[in-house]
Asks: 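Can you keep this structure in mind? I'll have questions shortly.
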There are 2 protein chains.
Amino acid sequence: MEQPNRSPLYRQVREALMRRLVDGHWRAGEALPAEPALAAELGVSQGTVRRALGDLAQINLVVRRQGKGTFVAEHTRERALFHFFHLVGDDGKRALPGSRVLAVKAGPATREEARRLAIAAGAKVVRLHRLRMLDGHAAIVERIVLPAALYDGIERLDRAGLPNELYKLYQDRYGVSVARAAEKLKATNAGPEDAAHLGLRSGAAVLEIDRIAYALDGRPCEWRVSRCDTASHHYVSEVV
Amino acid sequence: MEQPNRSPLYRQVREALMRRLVDGHWRAGEALPAEPALAAELGVSQGTVRRALGDLAQINLVVRRQGKGTFVAEHTRERALFHFFHLVGDDGKRALPGSRVLAVKAGPATREEARRLAIAAGAKVVRLHRLRMLDGHAAIVERIVLPAALYDGIERLDRAGLPNELYKLYQDRYGVSVARAAEKLKATNAGPEDAAHLGLRSGAAVLEIDRIAYALDGRPCEWRVSRCDTASHHYVSEVV
DNA sequence: TAGTGGTCTAGACCACGCT
DNA sequence: GCGTGGTCTAGACCACTAT
């Protein structure tokens with residue numbers, strides 16, 4: 001391992017492995033080479049590789065299993081739901097959302113969309129509008145904006161072709177792995193349209209979740225605004 | 001280090017150190033013994049102590065500084081604000097909240113309060129009602145419930161004696177260190193009283209943050225419900 | 001039995017903060 | 001100069017998984 005800069009070796013190893021993950025050098029779910037192989041290849045000790053892999057496991061980019069190996073993290077249904085979906089029933093049970101796509105449209109990005117997705121103004125985006133169900137009734141209205149450059153042809157998927165867990169679709173079909181997300185929450189009074197979709201009176205309080213999802217390489221890959229009826233559900237957040 | 005169970009050594013060391021932190025064996029801000037001293041005392045290698053201390057640093061129970069030592073984490077003003085306070089201005093600037101105490105009262109816990117704080121029904125609690133300012137105008141109404149057993153005589157503090165950063169007060173004066181918190185968020189329509197405090201019309205959407213704070217030993221030490229005007233601020237959440 | 005990751009140790013050297 | 005935590009190595013042994 002050459003040392004172009006003054007950062008610790010384990011960090012250089014971590015970044016090198018991360019580059020390969022970003023490049024798609026290994027597919028989601030695939031096993032990485034074993035520690036001794038990586039150590040030999042990179043010219044560092046096994047301990048240094050361990051440290052780097054441990055860091056990657058910590059941020060959920062890889063999964064390590066004793067006796068089996070180290071694997072590229074996958075967006076399983078579980079992970080998509082439990083890791084990135086924070087609405088739970090007031091009784092503490094996780095409600096599994098269903099979803100119904102209302103519209104899919106492509107078009108040039110507005111200034112705001114371009115800013116949030118860090119793309120050029122006017123670049124093509126695909127907009128999804130969908131309704132999600134919790135415990136059988138409509139509880140979330142979602143407006144999703146995708147940079148079309150990352151998801152070639154996604155606007156031609158019919159509504160049945162768009163699964164409930166979009167993050168798994170992004171990963172499996174387009175090679176876009178969502179690594180992290182930043183959410184901004186507000187309480188707002190529902191407008192007439194959202195209220196109608198959610199079966200609420202206009203002006204009812206809804207929780208607005210504005211989320212930018214970032215891909216492995218750190219670039220925004222989705223902007224999603226969800227307006228949620230929190231009458232019998234709530235958003236959970238743990239602070240350590 | 002004896003091995004009563006089959007857990008890894010570093011975990012046993014971590015728990016042993018944690019017990020001392022919980023017991024108040026070291027005060028907030030105080031330096032722990034250096035690694036070699038701890039290793040010798042516990043009969044393990046320095047590497048094992050390092051791993052345990054690293055874990056404790058990760059969950060913010062201690063702070064490690066190269067060349068200086070390892071210190072018990074303190075609730076500085078910074079930490080209280082940036083770690084546990086998640087409302088920021090829509091312009092991205094952190095608004096530093098001021099606060100005005102409206103009422104302090106002691107009384108027996110309701111069933112709900114007892115349940116949330118994991119204390120006996122009817123046990124004495126202290127209730128605080130306060131208003132917090134963001135950028136100069138009232139933006140948050142807070143109702144705080146404390147188990148009186150942990151905060152002897154806190155209800156006799158005058159309003160001037162109750163600082164803006166309560167967590168630092170809990171730690172400095174009562175030895176209660178908030179280690180983590182669980183928050184539940186909902187959007188609700190403001191009732192007449194909250195609306196009046198916040199200068200909103202009745203029925204305006206407000207963000208309700210329901211937080212249980214846990215002390216080092218894992219027991220609840222505060223129940224706080226904050227109702228926030230999110231017209232020009234929002235709650236931030238990072239998902240990794 | 002062989003290969004994987006997980007734990008634990010011992011020791012070397014480095015970077016930082018003090019005095 | 002000395003003590004602190006930070007990095008890096010090499011090697012031993014353990015626990016789990018597969019064949």
Side-chain angles (χ1 to χ4, degrees), chain A residues 1-18 20-21 25-74, chain B residues 1-18 20-21 26-74 76:
Chain A
M1 200 78 202
E2 70 287 355
Q3 292 175 310
N5 49 43
R6 278 279 130 249
S7 73
L9 250 189
Y10 73 85
R11 184 125 58 98
Q12 298 176 43
V13 171
R14 187 180 69 197
E15 297 308 320
L17 295 174
M18 201 146 169
R20 296 194 197 177
L21 289 168
H25 189 281
W26 302 294
R27 282 195 307 275
E30 189 178 354
L32 273 62
E35 292 175 0
L38 284 174
E41 184 200 341
L42 297 169
V44 301
S45 77
Q46 186 175 347
T48 301
V49 170
R50 288 189 63 73
R51 168 81 192 257
L53 287 173
D55 287 356
L56 294 176
Q58 188 120 44
I59 56 176
N60 295 306
L61 294 190
V62 301
V63 176
R64 317 197 70 191
R65 282 197 283 269
Q66 189 177 74
K68 302 199 66 175
T70 302
F71 303 83
V72 181
E74 272 186 293
Chain B
M1 199 79 201
E2 69 286 355
Q3 292 173 308
N5 50 42
R6 276 279 132 247
S7 73
L9 249 189
Y10 72 85
R11 186 125 58 97
Q12 299 176 41
V13 171
R14 187 181 67 198
E15 298 308 320
L17 294 174
M18 202 145 166
R20 295 196 198 176
L21 289 168
W26 301 295
R27 280 195 309 275
E30 189 179 353
L32 273 62
E35 292 176 0
L38 285 174
E41 184 200 340
L42 298 169
V44 300
S45 79
Q46 186 174 347
T48 301
V49 170
R50 287 189 64 72
R51 167 82 192 255
L53 288 173
D55 288 356
L56 294 176
Q58 188 119 43
I59 55 176
N60 296 305
L61 293 190
V62 301
V63 176
R64 317 196 70 191
R65 282 197 284 270
Q66 190 178 67
K68 301 198 65 173
T70 302
F71 303 83
V72 182
E74 272 186 294
T76 61

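Quick note on labels: first sequence line is chain A, next is B, and so on, each numbered from 1.
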Asks: Round to a whole Å and report the spacing from CG of Leu38(B) to P of dT9(C).
Replies: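 Distance check: Leu38(B) CG to dT9(C) P gives 14 Å.
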Asks: Round to a whole Å and report the spacing from CD of Glu35(A) to C1' of dG6(C).
Replies: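 Spelled out: CD on Glu35(A) to C1' on dG6(C) is 9 Å.
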Asks: Of the nucleotides dT9(C), dA18(D), dG5(D), which has the atom closest to the Lys68(A) side chain?
Replies: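 My answer, after comparing the listed nucleotides, is dA18(D).
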Asks: Work out which heavy atom in Ala52(B) is nearest to a heavy atom in Tyr10(B); give both atom names and the distance.
Replies: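 In this case the closest contact between Ala52(B) and Tyr10(B) is CB-O, 3.6 Å.
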Asks: Nearest whole Å is fine: how far is dC8(C) P from Arg14(B) CZ?
Replies: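 My rounded result for the distance is 11 Å.
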Asks: Would you say Thr70(B) reaches dT4(D)'s phosphate, i.e. side-chain N/O to OP1/OP2 under 4.0 Å?
Replies: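 Negative; the distance criterion is not met.
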Asks: What nucleotide, of dT9(C), dG5(D), dC8(C), holds the atom closest to the side chain of Pro8(B)?
Replies: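 Between dT9(C), dG5(D), dC8(C), the one nearest the side chain of Pro8(B) would be dC8(C).
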Asks: Nearest-Å distance, CZ (Arg11(A)) to C1' (dC8(D))?
Replies: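 Between C1' of dC8(D) and CZ of Arg11(A): 15 Å.
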Asks: If you assign Gly67(A) and Val49(A) each to the DNA chain D nucleotide with the nearest heavy atom, which residue ends up on the more 5' nucleotide?
Replies: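 The answer here is Val49(A).
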Asks: Which pair of heavy atoms, one from Arg64(B) and one from Ala57(B), lies closest together, and at what distance?
Replies: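 That closest heavy-atom pairing would be CG-CB, 3.9 Å.
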Asks: To the nearest Å, give me how far apart CG (Leu32(A)) and C1' (dG3(C)) are.
Replies: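 Taking CG of Leu32(A) and C1' of dG3(C), I get 16 Å after rounding.
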Asks: Which atoms form the tightest heavy-atom contact between Trp26(B) and Ala31(B), and what is the distance?
Replies: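 Smallest interatomic distance, heavy atoms only, reads CD1-O, 4.5 Å.
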Asks: Using only side-chain N and O atoms of Arg51(A), determine if any of them is under 4.0 Å from OP1 or OP2 of dT7(D).
Replies: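 The answer is yes; a side-chain N or O of Arg51(A) sits under 4.0 Å from OP1 or OP2.
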Asks: Quick check against the 3.5 Å criterion: does Glu30(A) have a side-chain atom that pairs as donor or acceptor with the backbone of Val72(A)?
Replies: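 No.
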Asks: Quick check: are there more than 12 heavy atoms from other residues, nucleotides or ligands sitting under 6.0 Å from CZ of Arg20(B)?
Replies: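 It does: Arg20(B) CZ has more than 12 such atoms within range.
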Asks: Quick one: which of dT9(D), dT4(D), dC8(C) gets closest to the side chain of Tyr10(B)?
Replies: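 Closest nucleotide to the Tyr10(B) side chain: dC8(C).
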Asks: Starting at atom CG of Leu9(B), determine the distance to atom P of dT9(C), rounded to an integer number of angstrom.
Replies: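 So the two atoms are 5 Å apart, to the nearest Å.
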Asks: Is Arg65(A) near enough to dT4(C) that one of its side-chain N or O atoms lies under 4.0 angstrom from OP1 or OP2?
Replies: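 For dT4(C), neither OP1 nor OP2 has a side-chain N or O of Arg65(A) closer than 4.0 Å.
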Asks: Does a side-chain N or O of Thr48(A) approach OP1 or OP2 of dT7(D) to a distance below 4.0 Å, or not?
Replies: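 Indeed not, no polar side-chain atom of Thr48(A) lies that close.
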Asks: Between dT7(D), dT9(C), dG5(C), which one does the side chain of Arg50(B) approach most closely?
Replies: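 The closest nucleotide is dT7(D).
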Asks: Rounded to the Å, how far apart are Leu53(A) CG and dG5(C) P?
Replies: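 To the nearest whole Å, that distance equals 8 Å.
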Asks: Round to a whole Å and report the spacing from CD of Gln46(A) to P of dT7(D).
Replies: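 Roughly 19 Å, once rounded to whole Å.
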Asks: dG5(D), dC8(D), dG6(C): which one has an atom nearest the side-chain heavy atoms of Gln66(A)?
Replies: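 That would be dG6(C).
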